[in-house]
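See below for the structure under consideration.
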Number of protein chains: 2
Amino acid sequence: MDAAAADDRLDRAFMALADPVRRGIVARLSRGPATVTELAEPFDITTQGVSKHIQVLESAGLVTRSRDAQRRPVHLDAAALETLTEWIDRYRLIHEQRFRRLDALLASADGGDAAASAGQD
Amino acid sequence: MDAAAADDRLDRAFMALADPVRRGIVARLSRGPATVTELAEPFDITTQGVSKHIQVLESAGLVTRSRDAQRRPVHLDAAALETLTEWIDRYRLIHEQRFRRLDALLASADGGDAAASAGQD
DNA sequence: CGCTTTATCAACTAGATGGTTGTAAACGTA
DNA sequence: TACGTTTACAACCATCTAGTTGATAAAGCG
């Protein structure tokens with residue numbers, strides 16, 4: 001997978017979670033597969049609307065659909081969720097390590113004004 | 001913070017990360033604060049465009065802006081990133097625990113066909 | 001005081017998104 | 001066969017988004 005494709009995958013996955021209905025669907029699916037009508041039940045929108053939300057989640061790779069007669073049960077793909085936490089945690093940790101270095105510098109230098117220039121990395 | 005406000009905060013934060021330019025800004029800010037022109041430099045869009053991206057990140061609580069003469073350095077807020085990983089991990093872990101229970105059931109029952117009905121939870 | 005740099009605000013456009021209704025396909029059952 | 005259930009697809013609409021250009025404000029510098 002090249003960088004552009006990975007970008008696109010992240011775009012869609014984050015976008016998919018930027019909607020309370022779709023997050024509700026993910027939350028429900030974490031407890032096991034469900035059909036479209038089951039997933040639509042808690043929300044005040046049509047099953048067609050929910051079907052479109054599921055398509056968004058599917059194109060983001062967050063869920064998959066199987067087949068059981070005329071039903072199409074939806075399953076959560078936890079690996080895709082992990083990709084998101086990996087992206088976030090990468091930069092969160094870089095940020096925190098930078099803070100720890102800054103703290104160490106402050107502790108050793110003991111000069112308050114030295115922190116301002118150190119902030120430039 | 002009530003549920004609707006928390007929902008709105010999550011909406012904005014996930015939405016903010018659903019764009020490669022804004023993720024690039026977050027990645028850059030993990031290495032330290034930067035000005036708007038510095039942040040705009042790697043991208044092929046105007047500083048006005050980048051300024052709007054920063055407003056999106058700010059309204060999502062992911063970054064803050066301070067003041068240094070006519071410059072307005074942007075800082076990353078790692079705590080907001082943590083809120084996102086917490087949301088994702090919550091349902092990822094529920095999903096994985098369910099899988100572990102299913103595995104245990106399969107191991108004790110030893111019946112291949114039993115798995116299909118067990119899948120319904 | 002002008003000039004430059006840095007950044008924001010306002011207005012606009014093309015395109016995407018979230019919802020609807022209507023139609024139709026696939027499947028099990030009477 | 002006919003019927004009900006479940007789901008998808010197409011067309012449509014209101015709203016939002018991402019980018020642009022142009023004007024403006026704030027601060028430093030000649």
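Residue numbers begin at 1 in each chain, while the letters A, B, ... track the order of the sequences.
- A heavy-atom distance below 4.5 Å is found between the side chains of A:Q55 and A:R65.
- Within the 4.5 Å cutoff, the side chain of B:H75 has no heavy atoms near those of the B:V63 side chain.
- Inter-residue side-chain proximity for B:P20 and A:D11 is flagged as met; some heavy-atom pair is nearer than 4.5 Å.
- Side-chain contact between A:Y91 and B:L29 is absent, with no heavy-atom pair separated by less than 4.5 Å.
- In terms of phosphate contacts, B:Q55 brings a side-chain nitrogen or oxygen within less than 4.0 Å of OP1 or OP2 of C:dC9.
- At distances below 3.5 Å, not a single donor-acceptor pair connects side-chain atoms of B:R92 with backbone N or O atoms of A:A79.
- What you find for A:W87 and B:V26 is that their closest heavy atoms are CH2-CG1, 4.0 Å.
- The nearest heavy atom of DNA chain C to A:H53 and to B:V36 marks one nucleotide each, and the one closer to the 5' end goes with B:V36.
- In this model, the phosphate group of C:dT20 is approached by a side-chain N or O of A:T46 to a distance below 4.0 Å at OP1 or OP2.
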Grab the N/O contacts between the protein and nucleotides 22-27 of chain C below 3.5 Å, and write none if there aren't any.
residue: C:dG22; atom: O6; partner: A:Q48; partner atom: NE2; Å: 2.9

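- The nearest heavy atom of DNA chain C to A:D44 and to B:P73 marks one nucleotide each, and the one closer to the 5' end goes with B:P73.
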Between the protein and nucleotides 12-15 of chain C, list every N/O to N/O distance that falls short of 3.5 Å.
none

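- Contacts between residues 10-22 of chain A and DNA chain C, counted as heavy-atom distances below 4.0 Å, involve A:M15, A:D19, A:R22.
- Under 4.0 angstrom from either OP1 or OP2 of C:dT6 there lies no side-chain N or O belonging to B:T47.
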Any chance you could lay out the side-chain contact (heavy atoms from CB on, under 4.5 Å) test for B:L76 and B:L81, step after step, and finish with the verdict? CA-CA 9 Å; B:L76 188 64; B:L81 288 179; 4.1 Å; yes
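- The side chain of A:T37 contributes an N or O atom lying less than 4.0 Å from OP1 or OP2 of D:dT7.
- In terms of phosphate contacts, B:S51 brings a side-chain nitrogen or oxygen within less than 4.0 Å of OP1 or OP2 of C:dT8.
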